[in-house]
Amino acid sequence: MISGAVIEALKGFIPAEDIHLEEPMKNHTTFRVGGPADCLVTLENEEQLKKIQHYLYLVGVPFVVLGNGSNVLVSDDGYRGVVLQIGSKMSDIRVEGNRIIAQAGALLSKVAHVAQEHGLTGMEFASGIPGTVGGGVVMNAGAYGGEMRQVVTKVNVVNQSGEIMELDNSTMEFGYRYSTIKNQPFVVTEVTFSLKQGACDEIKATMDELAQKRREKQPLEFPSAGSTFKRPDGYFAGELIMNAGLRGFRVGGAQVSEKHCGFVINIGSATAMDIMDVIREVQDRVKDKFGVTLEPEVVFLGKFS
């Protein structure tokens, strides 16, 4: 539990109405599961983040940063610590020539649509990704042949001392679902994208085509965290899972999607443990049958037995 002294200290940095105690995390993740966090803080600006992050490091209180919760599975017991949510209050987007500068809480899909409206091409791949700019940069989000590393030129972060740092594309060390931030105590606050001039109607046509592919191939009608597993070298996770006989495999309210086996979905009233049990069974069966280890793309918060 978070002590009263820590809560009072937080009130010195942000308005009391932005501090939520025992906040159900099912309301903040796209899986729609998860128990309460001790404390969830809704951040409004970079200055609040700098002060709060530095303070939490100093007093040794565990914390995690959350965007749209689109790549996270929170345990049924919740999270013992502080969740710093960077969302709609830190989501400004501005266009400067061929560049788009977006705050970390902006949705990637929104950035893609702003780019289209200004005749800028390069962000079409992100038009259906449900995550935020900050989360997308951290994991080098991608789809349909596009990745963040192809369009990101600068990333502003706050370090554990509460200082602002600027990282360029090469410093980010982008890899498959990876950036250097995964191993550093940095929090993304703003990202600069460098795009190219294009025709608005052609860009929209590409985005519409990708949206149609998603509707046809992905179980968008159910809560999920998108692709549950990373793509193993030389294979496709969904194909391995299907060939292991796991299409439709279910535990409680969690199921391997029948539409796309690479997705574990919440078909109704799933618990986080249901989802975890499905993930573990998939890993075990694929390992036993094909000798391939499936690594989750989903981030796990809290304790899972």
Side-chain angles (χ1 to χ4, degrees), residues 10 13-15 17-20 23 25 27-32 37 39-53 63-72 74 82-120 122-143 146-149 151-158 162 164-167 172 179 181 186-195 203 207 211 225-226 299:
L10 291 176
F13 301 130
I14 60 174
E17 58 264 29
D18 289 336
I19 301 172
H20 311 278
E23 179 68 13
M25 293 306 296
N27 297 334
H28 301 278
T29 65
T30 57
F31 258 134
R32 297 292 179 257
C39 176
L40 183 141
V41 171
T42 304
L43 294 168
E44 295 184 359
N45 55 61
E46 193 175 76
E47 286 303 310
Q48 289 180 349
L49 171 62
K50 289 163 60 176
K51 293 174 181 177
I52 292 175
Q53 176 175 278
F63 72 91
V64 65
V65 179
L66 187 75
N68 197 41
S70 61
N71 200 44
V72 178
V74 182
V82 178
V83 176
L84 301 179
Q85 188 171 48
I86 298 178
S88 60
K89 294 184 179 181
M90 292 181 65
S91 60
D92 288 347
I93 302 170
R94 63 184 190 275
V95 179
E96 297 180 355
N98 285 1
R99 300 188 308 160
I100 291 182
I101 299 93
Q103 287 186 303
L107 291 175
L108 283 169
S109 56
K110 177 64 174 177
V111 175
H113 282 87
V114 169
Q116 184 271 326
E117 291 167 358
H118 286 80
L120 297 175
M123 286 293 293
E124 291 90 331
F125 74 92
S127 59
I129 297 177
T132 59
V133 165
V137 166
V138 171
M139 68 172 292
N140 186 29
E147 290 182 312
M148 297 291 278
R149 65 175 160 187
V151 290
V152 170
T153 56
K154 186 175 72 173
V155 180
N156 287 3
V157 299
V158 173
I164 298 294
M165 299 173 58
E166 290 186 3
L167 309 178
M172 287 292 293
S179 76
I181 297 177
F186 299 155
V187 180
V188 178
T189 60
E190 187 177 83
V191 176
T192 300
F193 300 90
S194 181
L195 306 174
I203 297 169
M207 290 167 59
V299 176

Distance from [X] atom [atom1] to [Y] atom [atom2], nearest 0.5 Å?
X: Arg32; Y: Asn27; atom1: CZ; atom2: CG; answer: 8.0 Å
X: Asn45; Y: Lys50; atom1: CG; atom2: NZ; answer: 9.5 Å
X: His113; Y: Ile203; atom1: NE2; atom2: CD1; answer: 11.5 Å
X: Glu44; Y: Ser88; atom1: CD; atom2: OG; answer: 9.5 Å
X: Met172; Y: Thr153; atom1: CE; atom2: OG1; answer: 11.0 Å
X: Asp18; Y: Leu43; atom1: CG; atom2: CG; answer: 8.0 Å

So do the side chains of [X] and [Y] get within less than 4.5 Å of each other, counting heavy atoms only?
X: Leu84; Y: Leu66; result: no
X: Ile100; Y: Thr192; result: no
X: Glu23; Y: Val83; result: no
X: Val188; Y: Thr132; result: no
X: Cys39; Y: Leu10; result: yes
X: Phe13; Y: Glu47; result: no
X: Ile101; Y: Lys154; result: no
X: Gln85; Y: Val41; result: no

For the student: nearest non-hydrogen atoms of [X] and [Y], plus distance:
X: Asn71; Y: Ala225; answer: OD1-O, 3.8 Å
X: Ala102; Y: Ile93; answer: CB-CG1, 4.2 Å
X: Pro15; Y: Gln48; answer: CD-NE2, 3.9 Å
X: Phe125; Y: Ala143; answer: CB-O, 3.2 Å
X: Phe186; Y: Ile181; answer: O-CG2, 3.7 Å
X: Ser127; Y: Met207; answer: CB-CE, 3.7 Å

### Partner residues of Thr29 under the side chain to side chain contact (heavy atoms under 4.5 Å, CB included) criterion, sequence neighbours left out
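Thr29 satisfies side chain to side chain contact (heavy atoms under 4.5 Å, CB included) with Phe31, Val74 once adjacent residues are dropped.
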### Query
Who passes side chain to side chain contact (heavy atoms under 4.5 Å, CB included) against Ser109, sequence neighbours left out?
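Side chain to side chain contact (heavy atoms under 4.5 Å, CB included) list for Ser109, sorted by chain: Leu107.
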### Query
Should the pair Glu190-Arg94 be classified as a salt bridge under the 4.0 Å nitrogen-to-oxygen rule?
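Yes, this pair counts.
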### Query
If you measure only the distance, is there a donor-acceptor pair under 3.5 Å linking the side chains of Thr189 and Glu46?
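Their side chains do contain a donor-acceptor pair, which is all the 3.5 Å distance test asks for.
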### Task
Can you run down the salt bridge (Lys or Arg N to Asp or Glu O under 4.0 Å) pairs that involve residues 99-118, sequence neighbours left out, and say none if there aren't any?
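As it turns out, the salt bridge (Lys or Arg N to Asp or Glu O under 4.0 Å) pairs with a partner in residues 99-118, which skip direct neighbours, are Glu96-Arg99.
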#### Entry: Steps toward side chain to side chain contact (heavy atoms under 4.5 Å, CB included) verdict (Val151, Leu195)
CA-CA 6 Å; Val151 290; Leu195 306 174; 3.7 Å; yes
### Message
So does Val114 get a backbone contact from the side chain of Gln116, meaning a donor-acceptor N/O pair under 3.5 Å?
### Response
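No; zero donor-acceptor contacts below 3.5 Å.
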### Query
Under the 3.5 angstrom rule, does the side chain of Asn140 hit a backbone N or O of Arg149 as a donor-acceptor pair?
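Yes; at least one donor-acceptor contact below 3.5 Å.
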### Query
Under the side chain to side chain contact (heavy atoms under 4.5 Å, CB included) criterion, do Met25 and Leu40 qualify, and how do the steps go?
CA-CA 9 Å; Met25 293 306 296; Leu40 183 141; 3.9 Å; yes
